[in-house]
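See below for the structure under consideration.
When a residue number appears, it is its place in the shown sequence, counting from 1.
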Amino acid sequence: MRKAPYLIAVTFALSQLAVAQQTTTPASKLEIDPVVMAFGTTQVRQSELEGALKSVPAEYQSYAAGVGKKAFAEEYARMKMLAAEGIKNGLERTPEVAAQLAMLRDNAIANAQLTRIESEIKLSDADLQKSYDDRKATFEQSKARHILIAFTGSRAAQPSKPKLTEDQAKAKAEEIRTKLVAGADFAETAKKESDDTGSGARGGDLGTFSRGQMVPEFEKASFEGKVGEIGPVVRTEFGYHIIQVQERKTSPLTEVRAQLEKELRQSRLQEKLDSMKESGKITFNEAYFPTAPVPPATETVTAASPAEGKKKPVKKP
């Protein structure tokens, strides 16, 4: 926070706007907008300083608005004095500064126009209902538990356990399933046998998850299997799973309305921006712009549990 050039860069454009606003503030409002700082012939009112505070990056705002407020004000005053001195020297007319000022001006106006476009986007109840109906499956959730029997070479194979071929792992999983269907305790069996050590310690519990969080084979069984039943053994890259779906539900519109509204509003905004870009017919001098190299194909695995997916957001039980 003590780096003056940084704060100067952050607050300069906003300070110019605040000064312009200050000169037109009605006298009736000045009493509720007190002077909080003065230097030379310049007075800084509360609204101006607080406006500048809002321009500080979010990670610094708490400090700058609290115990660091006076330090921020000192930096702001220094910026104002330097700017005033620069204006006396005609620096705002130099090509470099003039270009920066033009960029700041355009950016401020562009942000204001973006805000106006956003405010003009109207969403009806029918719009939200249609969006919900179109995406209803994404709001479905399943609660399940499982027991995993890994085979040699799978991503969940446990070095401390006997190595099993795929056939052996499948046979063991089928045997465990038969015992469970006959009445064996699922939780105790999971703690003893599951190669998913994370969920195994919780009796196989994976908690509640949505579509897209599990590998495809596991997801299919979890969202299509009958609730309460122990389904057929399922093979994934992690091994063979015995799955019991404990509960399945779909979040109602009332619960996801805020999320839907935000996403739909963003989608409508993007459509307007895309339309603007299309109508602008942007052309490029390809000789000026370098071509980005094609990155090598790699597979990124982000699963936190053997039941969970890859290249997707994963549930962390």
Side-chain atoms of residues 87-110: list all donor-acceptor pairs with protein atoms under 3.5 Å, sequence neighbours left out, distances to 0.1 Å.
from	atom 1	to	atom 2	distance (Å)
N89	ND2	E85	O	3.2
T94	OG1	L91	O	2.8

Exercise. Would you say the side-chain atoms of E219 pair up with the backbone N or O of R211, donor to acceptor, closer than 3.5 Å?
Worked result: no
Exercise for review: Answer yes or no: is there a donor N or O on one side and an acceptor on the other, between the side chain of Q158 and the main chain of D195, under 3.5 Å?
Suggested key: yes
Note: E48 and Y76 closest approach over all heavy atoms is OE2-OH, 2.6 Å
Note: S142 and V245 closest approach over all heavy atoms is OG-CG1, 3.7 Å
Do [X] and [Y] have side chains that approach each other closer than 4.5 Å (heavy atoms only, starting at C-beta)?
X    : Y    : result
I149 : V233 : no
T165 : K170 : no
Q141 : K143 : no
E140 : R248 : yes

Under a side-chain separation threshold of 4.5 Å, the hydrophobic residues clustered together with L128 are L114, I117, I121, L123, Y132, F139, L253, V256, L260, L264, L269, L273, M276
query: Does the side chain of S124 come under 3.5 Å of the side chain of D127 through a donor N or O and an acceptor N or O?
result: yes
Just by distance, no angles: are the side chains of E174 and Y240 close enough, under 3.5 Å, to form a donor-acceptor pair? no
Margin query: Students often mix this up, so state it plainly: with edges at 30° and 60°, are the rings of F238 and H241 parallel, tilted or perpendicular?
Written below: perpendicular
side-chain contact (heavy atoms from CB on, under 4.5 Å) with R268: of Q266, E271, Q270, R265, only one passes, and it is E271
Return a table of donor-acceptor pairs under 3.5 angstrom between the side chains of residues 181-193 and protein atoms on other chains or two or more places apart.
from	atom 1	to	atom 2	distance (Å)
D185	OD1	A187	N	3.1
D185	OD1	E188	N	2.7
T189	OG1	D185	O	2.6
E193	OE1	K172	NZ	3.1

